[in-house]
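Okay, structure first, notes after.
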Amino acid sequence: MRGTEPESSNRRFIGLQWKSFLWLSILLLSLSTAFYALNYYSLVSQFRAQRQAEVTSLRHHIRGLFTGNSDRLIRLGGALASVANLGDALYRRNPKHIAAAVADYASLRYELDLRQIELYTIDANLVGSWVQSGAEKLPDEYVRRAIKTVRKEERPLSLLYCQPTCLIYAFVPILSSGENVGVVALGQSIADFVIDFHLITGTDIALAVPANANVGSELPQWDVKMAALTDATRLTALLQHLSTLYPNPSELDHGRLVTWNNAHYDVNRVLLNEIIPDQSGFVVLISDVSQRLNDIRTALHDDMLIAIASILAAELILLYLIRVPLWRLGKLTQTLPLLAQGAYDQARNRFSSHRRKARFRDEIDFLYDSAITLSHQLEENSLALAAKNSELAKERDFIQGLLASAQVLVVTQTRHGIIRDGNHFAAMLTGYTPQQLYGRPFVDLIADDDAKQEVLKKLEALCNNGLRRMEHEHELVCKDRKRRRIVWVHTLLHQEYIDGTVVLSVGLDVSERVQAETRMRWLANHDPLTSLANRHRFIEDLTRAYEETVRTGDTAALLVFDLDHFKEVNDTSGHAAGDALLCMVADELRTRARSSDIIARLGGDEFAMLMPQTDSYGAETFAIHLNKRLTSTPFVFGDKRYRIGASIGIALLPQHGTNIQEVIANADLAMFEAKRAGRSCARIFADDQKQLQMLTQNVYWKDVLIQAMANEHLFFYYQPVVEAATGKTVHHEALLRLKMADGRIALPDEFLPSAERAGFNYDIDCYVVRATLKILLSDSKKRLSINLSTAALNHSGWTEMLAQAVNHQHLAPDRLIFEITETAVITDMEKARQITDAVTSLGFRFAVDDFGSGFSSLYYLKHLPVDYVKIDRSLIKDIVTDKGDRDFVRAITSMIHAYGKKIVGEGVEDGETLALLRDMGVDLIQGFYISHPRKDCSASLVKALPDCTHG
């Protein structure tokens, strides 16, 4: 049986070259991607680090600006207090001197860039002030709290106050005689501070202070008022956007990158209490980083282009480096399968042609050298293995022939009669599985209780007394309690095995042979399908009846029936329908026939009836009534209905022939006349009809066949003959076909009978042999079998073509098998033996066709060089349902195998029949279940059947 293809054969093939290129390309692409990602990460990290450093610097810078301005006001306050001798005036509480000092301060306000100057006593009483127009006076509570802090800490105090404009205030203590006698408060706008910061750093700044009842909130989300902006027009909208994105301004403490109006800003928040202690609010630092980010993108874009160009260049170089060595490896892999196929010389030639002859060699050259060395080793091992396998095959075939093929029971047992093993046939016959047979006493299989002890004693004597064999015959009781007659032969083995096996017992079932012989006697005289008499038996009865009518002068009638529309039933509903129709007609004939009438099925759809003591009127009346019955009762099979009838020819004994062959031929002619008259009718033979019919048929078919052979219109259809066990096609049977002038294909049954009557059979045989030899010589793979007529075994001239083909054209003779019928052999036994001996001496083989359809004598099987015996389809087609046919075929198989012949089962049309034939040991099978005849047989020489198994 053909091995199944490996699963991997269904997978898509991708060459190693492209796999390597693909994976290395992926690696390059991954590395480039990784480098690109690292570069991107590095640039972004650098940008963030720079921004972090810049923000830290900005924080220090803004803190320095606030501190610097605060220190300037404090120094200025101290200077003013000392220049105007303001401390002494406050100490003495001299209003005139205080007013004069304030007046002096007012004159200096423009030079000092001050918005507000106020003079307080140590008790927070205002004693003098100058306020620039538009500036708000400090609230009393605010002043008292500041003076209290200055008096308590005895140091100046800086504050920021934004109501509504933002001023930075410095409260400076005024000392006199070592005592704190008052406080001067100086206020300066922060606008210059904001402008200076923007000019120095290039960073926008927004000062946010908490909103209160007096000053509304400009950014409700943050609840702050923007006290100062470097660019109010642009930054107001941006701050609104920021307050929407980040409702909690603390989210800006660590910086945020914001995109706004196609620009990118880095935004950070600095709390005012980090600059001025206890001061609420914060400063927002806004840096435009669009250009820097664009520079990063440009750099990344350039890196990407460089990376892509590098990858492409690397891919081209990589493809070149991979392609050359892998091409050589590919040639090596394409050649290696030749080693598995046994083509060693061809493989070595390829290895040598692809091996480099350069000065410098590489690993692939060593691989080619190793492959050549391996081919020599494999060739030597293959030859040794083939020789060993041949020896093992002989031993295996011998053992399998004993255990599997032979239809005998084979068991092994110990010296105490305990069964250790049994072959398949033993298990099948007894009904026990091999596991159930194991350990069972052998005598338990013997039905006769009285004989069990006797058999056991003989087995012990066989083992203990050194006897070589022991025989006995008893009935065997099967698992289903049935009994079979078995002849046992026990042989002592050369040694006792580990499991105790020491005796080999072989049993031959002779019960079926008795039944088969009875069945054979019945089948030799009856048709298996209809149980009517067959042609052989009918000819004997007809001969006796003819002699009786000649002796007594009585008249008897011979009726030959041919069913109308039988081919239509077979073609449309299958052979099962045709068989059912034949059985129905047979039953109808039995019902209407008299007890003295003899009914037979001559073959196919042809029946015959012998009606003793009946004249033409009685025979014709019977035929008319039979046809009325058949035509009035349609044949139903499945869902189809058929109208049937019979064309009946009638001949009288002894009036219509000088012998029975002539009487039968005349009845056939009358039947053909009934067909031409419209079918479903009967005709009585007339002398003038005989001459016209014989002349017309013989002349017509002879002319047709002469033209057909001249124009090669005789050709073959092929039907395979396969091994039953494996499904392997052994050969094809070449079936003759005739192409008519109108294009119709005529079967042999139509033209061969007329050719035989015209003595034209030998010419057809020679044509068939020549055509077959031509086919075999043109195609060395074909193995064919062809059919020969009786004429071929009466004339030896055609054998010269065979000798010419073998000796001069070198034809292998085992490729051609000749099939002959039993009739051809029996006609002239001595002549047939001479011709078959001459043909087989050249190496050709013979097969007996249609065995079982006639007398089926075994004599010629023994005395003729026949290799194959083809059991007729009529015996095989019912073995599934008919136990008698099954037993008969099994008996025939055993006997033919005993003569060393192989058996071919014809007409296998279903799996059940195939399984039974395989179980019976039939060697070869043929039939529609395997294949219908077809025009061409060269497509495949092996067909694995779906249910073929080994063993």
Side-chain angles (χ1 to χ4, degrees), residues 392-447 451-452 455-456 458-463 467-480 482-513 516 724-725 887 890-900 902-903 916-923 949-951:
L392 293 176
K394 293 179 181 179
E395 298 180 5
R396 179 199 61 200
D397 292 342
F398 176 74
I399 295 174
Q400 288 181 345
L402 289 177
L403 297 180
S405 299
Q407 299 297 298
V408 294
L409 296 89
V410 179
V411 298
T412 58
Q413 51 182 309
T414 66
R415 61 178 62 253
H416 302 296
I418 303 300
I419 296 176
R420 289 304 186 195
D421 197 7
N423 67 343
H424 175 73
F425 185 78
M428 181 194 68
L429 189 68
T430 61
Y432 296 105
T433 64
Q435 292 76 15
Q436 292 173 333
L437 284 175
Y438 181 85
R440 180 180 295 274
F442 172 78
V443 293
D444 285 355
L445 301 178
I446 297 176
K452 291 182 179 180
V455 171
L456 190 58
K458 288 183 177 180
L459 285 174
E460 292 178 355
L462 176 69
C463 298
L467 300 177
R468 295 303 306 164
R469 55 183 291 153
M470 183 266 290
E471 299 180 8
H472 64 92
E473 179 178 343
H474 288 97
E475 283 191 339
L476 179 144
V477 57
C478 302
K479 186 177 182 180
D480 57 2
K482 291 183 179 179
R483 298 190 177 191
R484 306 188 71 85
R485 196 72 179 178
I486 307 296
V487 175
W488 288 99
V489 177
H490 305 280
T491 304
L492 189 65
L493 298 177
H494 293 289
Q495 63 179 354
E496 184 173 352
Y497 291 89
I498 296 176
D499 61 353
T501 300
V502 69
V503 176
L504 175 67
S505 303
V506 180
L508 179 64
D509 182 10
V510 296
S511 55
E512 289 192 1
R513 176 174 294 180
D887 294 340
R890 192 187 303 276
I892 289 178
T893 301
S894 299
M895 288 185 289
I896 293 175
H897 276 158
Y899 282 103
K902 289 189 176 182
I903 300 173
L916 282 174
L917 291 177
R918 187 185 293 136
D919 183 62
M920 293 177 183
V922 171
D923 306 284
T949 56
H950 295 287

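Keep in mind that the numbers below use all heavy atoms, side chains included, and drop hydrogens, waters and symmetry copies. Quick caveat, the model's predicted, so the values are computed rather than measured.
Of the options Asp421, Val411, Leu493, Leu492, a side-chain contact (heavy atoms from CB on, under 4.5 Å) to Leu504 is made by Leu493 and by none of the others.
Between Ile486 and Gly507, the shortest heavy-atom distance links the atoms CG2-CA, 3.8 Å. The shortest non-hydrogen separation linking Val922 to Ala724 is O-CB, 3.3 Å.
Residues Val410 and Ser505 are not in side-chain contact: their nearest non-hydrogen atoms beyond the backbone lie 4.5 Å or more apart. A heavy-atom distance below 4.5 Å is found between the side chains of Gln436 and Lys479. The side-chain heavy atoms of Tyr438 and Gln435, taken from C-beta on, include no pair separated by under 4.5 Å. Using a 4.5 Å cut-off on side-chain heavy atoms (C-beta onward), Phe442 and Leu456 make no contact. Contact check for Met470 versus Leu459: side-chain heavy atoms found under the 4.5 Å cut-off.
Distance CE/Met920 to CG/Asp887: 7.5 Å, rounded to 0.5 Å. Between Leu445 atom CG and Ile419 atom CD1 the span is 4.5 Å, to the nearest 0.5 Å. For the atom pair Leu916 CG and Arg890 CZ, the distance stands at 7.5 Å (nearest 0.5 Å). Residue Leu437 holds its CG atom at 4.5 Å from OG1 of Thr430, rounded to the nearest 0.5 Å. In this structure, NZ in Lys452 is found 8.0 Å from CD1 in Ile446, a value given to the nearest 0.5 Å. Atom-to-atom distance recorded for Ile896:CD1 and Ile903:CD1 is 4.5 Å, nearest 0.5 angstrom.
Heavy atoms from other residues, nucleotides or ligands lying under 6.0 Å from NZ of Lys902 number 12 at most.
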Thr491 and Val506: side-chain contact (heavy atoms from CB on, under 4.5 Å), yes or no, with the steps?
CA-CA 8 Å; Thr491 304; Val506 180; over 6 Å; no
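Side-chain atoms of Asp509 never come within 3.5 Å of backbone atoms of Leu409 as a donor-acceptor pair (strictly under, hydrogens ignored).
Classified by interplanar angle (parallel below 30°, tilted 30° to 60°, perpendicular above 60°), the ring pair His474/His472 is tilted.
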